[in-house]
Number of protein chains: 2
Amino acid sequence: MAAAPAASALAPAASASAPSGRPGGRPDSCGPRAARGLRELKKERTHDALVQAAAELFTAHDYDDVTVARIAEVAGVSTRTFFSYFPSKEDVLFADTHTRLEQALQSMADRVPGESPVDLLVRAVRRALPASFSPGPGPEVSGSALPSLYGVRLRLNHSTPQIQAGAMRRLQEAQQLLSRALLAAFPERLTAVEAAALVGAFIGGISNAVIFCLAEDPDLPDTSQVAFEALEVVRRRLPELDRGAEG
Amino acid sequence: MAAAPAASALAPAASASAPSGRPGGRPDSCGPRAARGLRELKKERTHDALVQAAAELFTAHDYDDVTVARIAEVAGVSTRTFFSYFPSKEDVLFADTHTRLEQALQSMADRVPGESPVDLLVRAVRRALPASFSPGPGPEVSGSALPSLYGVRLRLNHSTPQIQAGAMRRLQEAQQLLSRALLAAFPERLTAVEAAALVGAFIGGISNAVIFCLAEDPDLPDTSQVAFEALEVVRRRLPELDRGAEG
DNA sequence: ATGCTTCTTGCATGCGATGCAAAAAAGTAG
DNA sequence: CTACTTTTTTGCATCGCATGCAAGAAGCAT
């Protein structure tokens with residue numbers, strides 16, 4: 001359908017999901033189906049209903065043609081309640097993105113002895129990539145498989161600047177956390193600039209390649225293929241592309 | 001004061017500045033002071049007045065505390081008129097960013113014979129960098145020196161997610177154009193993925209390093225120093241950081 | 001001046017988002 | 001089951017951003 005962002009791919013950041021009121025995004029950790037009380041259970045149900053409703057509506061209509069009131073209506077709650085689950089209309093679209101980032105950060109945490117900084121970074125990125133580009137149902141969050149918010153984001157990203165901007169900002173925040181984690185894994189060997197430059201180079205190279213190719217061909221079959229190619233370019237072929245010659 | 005974005009640094013994209021009505025951003029090209037009629041002159045004056053008013057207000061107050069109505073009032077026009085000069089409140093903050101991108105794209109156009117792809121890219125980036133990080137008055141647009149929107153962006157960028165998002169989106173669009181230009185400069189030697197990966201790696205590495213360092217120390221004296229360091233890391237030290245050893 | 005074009009302005013409208021207080025539901029005793 | 005506390009939902013009012021429209025004002029030509 002549409003085209004632009006590998007940005008949404010690598011996930012958002014650690015922003016608190018609960019706006020003001022109590023009914024936070026979801027009963028925090030506590031295993032998938034360990035709802036202790038009826039309260040927690042209904043909160044989870046409402047949360048999922050809102051995401052589900054949003055996914056369906058955004059699949060069928062443009063971003064600006066879907067009102068928060070309509071999402072809430074389909075989910076069976078009042079408009080006001082929506083904003084006690086998500087701080088903005090935009091956020092419901094990124095409800096599933098915390099998982100990938102946490103995976104990547106986890107990879108960063110357990111580092112293999114002989115590994116180089118780039119090794120570690122690449123391993124973390126590789127682990128997050130496949131889940132980021134599968135157009136199928138996103139990683140099931142909390143037992144009930146949510147609809148593919150990734151697919152919706154992918155389509156809305158070239159049609160709606162606001163979504164593209166939000167995706168890029170979240171990707172940026174993820175890079176900050178990854179940089180910090182990489183620096184923490186190699187406190188002796190890396191400076192802050194080196195860690196951040198490495199993370200930015202790999203994530204930036206991959207995401208820009210995917211976005212660029214999607215802009216050329218919106219119906220690109222395999223985006224993860226492009227992502228892995230770009231990864232290799234940044235890691236291996238960069239010196240070669242720095243050698244002068246006549247093209 | 002504040003902290004985050006080298007993003008705003010590299011400028012925005014080719015988005016049309018005029019929303020709906022005629023009174024576009026500014027009489028397009030036609031030299032600094034070649035106003036042919038009274039119409040064009042007043043348009044330019046109003047445009048600059050709006051930017052000036054916005055810069056002053058955003059310098060003194062937070063983004064959300066400055067209403068469009070107030071900006072228009074200070075500029076001496078009606079609220080409605082603001083939106084015939086800028087499509088949104090956000091856009092007035094990025095009124096000066098087209099210059100740097102055009103500079104970089106221009107550098108891409110005239111390529112030196114023996115130059116490698118990385119050479120060319122680095123030259124283009126190097127040319128855009130200094131202008132991007134000087135906290136002084138931005139590049140004077142059209143004769144009258146406008147106040148430093150860069151400084152305002154820098155401060156608002158860590159306090160206002162919306163601005164950070166907008167800056168990242170514009171940087172992303174700039175990367176798209178740079179990728180296309182680089183590919184056009186080396187049609188035989190580069191694939192689309194390679195060109196995009198290169199651009200993304202360098203811009204991503206630099207911007208993430210600057211943002212990361214600014215997050216650690218908001219009052220960092222010389223951001224361009226960090227930028228050039230990051231550039232060298234991506235270009236030269238990447239292979240070294242890929243060699244396994246005990247840290 | 002007479003018209004034509006272009007820009008400005010005010011008005012009405014719709015939507016996103018927040019604060020507040022009342023109503024409803026869940027949880028906890030007794 | 002009843003009474004009481006806590007939490008969640010809801011409606012309502014409000015504000016700001018943004019757009020469309022039509023009337024008015026200003027530049028501009030003949």
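Numbered from 1 within each chain, the chains take letters A, B, ... in sequence-line order.
Using cut-offs of 30° and 60° for the angle between ring planes, the His47(A) and Phe86(A) rings count as tilted.
Closest to the side chain of Thr46(B), from the set dC11(C), dT8(C), dC20(C), is dT8(C). Side-chain proximity of Lys89(B) to dC20(C), dT9(C), dC17(D): nearest is dC17(D). With distances taken from any side-chain atom of Tyr85(A) to the nucleotides dT8(D), dT9(C), dT19(D), the minimum falls on dT8(D). The nucleotide whose nearest atom lies closest to any side-chain atom of Phe83(B) is, among dA17(C), dC17(D), dC21(D), dC17(D).
By the side chain to side chain donor-acceptor pair (under 3.5 Å) test, Thr59(A) pairs with no residue at all, sequence neighbours left out. Annotation: side chain to side chain donor-acceptor pair (under 3.5 Å) contacts of Glu102(B) (sequence neighbours excluded): none. In this structure Glu216(B) satisfies the side chain to side chain donor-acceptor pair (under 3.5 Å) test with no other residue, sequence neighbours excluded. Residues meeting the salt bridge (charged side-chain N to carboxylate O under 4.0 Å, His left out) test with Asp62(B), sequence neighbours left out: Arg155(B).
We find that CG of Leu50(B) is positioned 12 Å from C1' of dT8(C), with the value rounded to whole Å. Residue Phe86(A) contributes atom CZ, which lies 15 Å from atom P of dT8(D) at whole-angstrom precision. Atom CZ in Arg80(A) sits about 11 Å away from atom P in dA17(C), given to the nearest Å.
A donor atom on one side chain and an acceptor atom on the other are found under 3.5 Å apart for Ser78(A) and Thr81(A). Side-chain polar atoms of Thr160(B) and Asp64(B) form no donor-acceptor pair below 3.5 angstrom.
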From CA spacing to verdict: side chain to side chain contact (heavy atoms under 4.5 Å, CB included), Arg153(B), Phe58(B): CA-CA 9 Å; Arg153(B) 280 197 298 272; Phe58(B) 285 134; over 6 Å; no

Could you check Phe212(A) against Val199(B) for side chain to side chain contact (heavy atoms under 4.5 Å, CB included), going step by step and ending with a plain yes or no? CA-CA 11 Å; Phe212(A) 187 74; Val199(B) 171; over 6 Å; no

In B/S/- notation, 5' to 3', how is nucleotides 21-30 of chain C contacted by protein heavy atoms closer than 4.0 Å? ----BBS---

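The shortest distance between the side-chain N/O atoms of Thr81(B) and the OP1/OP2 oxygens of dT9(C) is below 4.0 Å. Taking side-chain N and O atoms only, Lys43(A) has a distance below 4.0 Å to OP1 or OP2 of dT8(D).
Looking at heavy-atom distances under 4.0 Å, Thr79(B) makes no contact with the nucleic acid at all.
Contacts with DNA chain D (heavy atom under 4.0 Å) in residues 64-76 of chain B: Val66(B), Thr67(B), Val68(B), listed by number.
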